[in-house]
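Notes for the one structure printed next.
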Amino acid sequence: IGDGAMTAGMAFEAMNHAGDIKPDMLVVLNDNDMSISENVGALNHHFARLLSGRFYTSLREGSKKLLSPLPHIRHFASRAEEHMKGMMAPGTIFEELGFNYIGPIDGHDVDTLVETLSNMRDLKGPQLLHIVTQKGKGYKPAEKDPIGYHGVPKFDPAESSLPKKAAGVPSYSEIFGQWLCDTASGDPSLMAVTPAMREGSGMVEFSQRFPKQYFDVAIAEQHSVTYAAGLAIAGMKPVVAIYSTFLQRGYDQLIHDVALQNLDVLFAIDRAGIVGADGPTHQGAFDLSYLRCIPNMVVMAPSNEQECLDMLTTGYQHKGPAAVRYPRGAGVGLELRQGKAIEIGKAVTVKKGQDVAFLNFGTLLPEVEEAASAFNATVIDMRFVKPLDTNCVDELMKDHSVLVTVEENVVAGGAGSAVSEYVAQHKARPQVLNIGLPDEFIKHGSQSEVREEIGLDAKGIQSQVNNFLKEG
């Protein structure tokens, strides 16, 4: 386990359990003072205290060798060592949890590391080996810039720096970060919270310009949500910047600490939908499903970057919990104006057609428009998953025989399911086709590759509608 991940509550829950049942287990704590960005928090400061361990380790090992023939003195030295640890080294906290703490040792000294692991493999009970490493060790550019080299594009290792990002359309994360700065400049009650995702969420500039309004709570998503609840109770306006897949970890807190109390918290949900290179664990496949079933929530899915700004502003001004979900990557290249509040629960008609109506939720709108053109279909940008624009659906049901919902979220329980549930309440109802992510974990691949494979590009959407009409 990394020292960044050690800040999560589950790590201590597991160690507390292990200290009780005392299994023969080894925890290797890889301590490199980094997660994705710099580690934060009291535990990190605890690790950092004499972290090189050179004086302490040499004193400890030298005294053991010197006193090894003298059992009574060795016992006294052991007690003295425990006292010294409490003052100087980071082991006591683990020993109080029932672990035999060994370290810190140099994780780059492979011979010593292998020897230590060999010696520890037969020890009984919970063991913790604390190794100290350097992120990027052996490659000078990465040693100097461990944050930049955490996740890299294709680059030439002979060069001393990563390739410059080509100027172009800003990403949704960058747009969010700029909105955060613009809003905070006129509102000191804005408090931005992130669970160790400053860079990924576009918050670097904000953290520098508004340090007293910025809170990195480390890799502790549950705490980030409940901390935001506390800020809201204190009269602040918290904005929780979090990835879709990571908000899943704070689901209980979202329900009980925020929504149940109807607290004024805005969730800026990045990496919603297909994430590309981040892989299966990071796909934002479920947030519409797990958010729309929660009372008091307002759930928004912008179709472009301007709508994203408007929805962030809408959610910020709304009194109560709200969520805006947006994807990884760039928008469509619109010339942006300042965000303005929009009417909650109001859809927008993009194109009027006949018989078939496409109800789009999110940034697949260009694909939906292209697919809809083959059917001379109506296109609606629904914008709000909750509350659903039922007036719009009522109007569509009057003169359309087929409603097609499209979203980059699992079909089960998603935005399309909300439409199906509403339509099912009416006796004279159109047919409904829900298009979204399949009931499987999405594999690694670029966003365009995955969309093509699962039928969420324009061609795939058109094909699914054609098949549905034929079966009809």
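Heavy-atom basis, side chains included; hydrogens, waters and symmetry copies ignored. Throughout, numbering of the chain's residues begins at 1 and tracks the sequence.
- Looking at residues two or more places apart in sequence or on another chain, you find no side-chain hydrogen bond (donor to acceptor under 3.5 Å, both in side chains) involving S207.
- Residues forming a side-chain hydrogen bond (donor to acceptor under 3.5 Å, both in side chains) with N296 (at least two apart in sequence, or on another chain): none.
- Classification of the F375-F358 ring pair by plane angle, with boundaries at 30° and 60°, yields tilted.
- By the side-chain hydrogen bond (donor to acceptor under 3.5 Å, both in side chains) test, E421 is found to be paired with R292, residues two or more places apart in sequence or in another chain being considered.
- Using a 3.5 Å distance cut-off with no hydrogens or angles, the side chains of D216 and T194 do not pair a donor with an acceptor.
- Between D257 and L263, the closest heavy-atom pair is O-CD1, 3.2 Å.
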Going by atom type alone, with no hydrogens or angles, which donor-acceptor pairs under 3.5 Å involve a side-chain atom of residues 173-191 and a protein atom two or more places apart or on another chain?
residue, atom, partner, partner atom, Å
S173, OG, G200, O, 3.3
S173, OG, D270, OD2, 2.5
S173, OG, R271, NH1, 3.1
E174, OE1, S171, N, 2.9
E174, OE2, K165, NZ, 3.1
Q178, NE2, D182, OD1, 2.9
W179, NE1, T183, OG1, 3.3
W179, NE1, T313, OG1, 3.2
T183, OG1, W179, O, 2.8
S185, OG, D182, O, 2.6
D187, OD1, S189, N, 3.0
D187, OD1, S189, OG, 2.6
D187, OD2, S189, OG, 3.3
D187, OD2, Y316, OH, 2.6

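- Residue pairs meeting the side-chain hydrogen bond (donor to acceptor under 3.5 Å, both in side chains) criterion with at least one partner in residues 359-372, sequence neighbours excluded, are absent.
- A search for side-chain contact (heavy atoms from CB on, under 4.5 Å) contacts involving N434 returns T405, V411, S420, V432, not counting sequence neighbours.
- Q306 and D310 form a side-chain donor-acceptor contact under 3.5 Å, judged by distance and modelled atom types alone.
- Between the side chains of H400 and D355, no donor-acceptor pair is found at a separation under 3.5 Å.
- Between atom OG of residue S417 and atom CG of residue L288 there is a gap of 10.5 Å, rounded to the nearest 0.5 Å.
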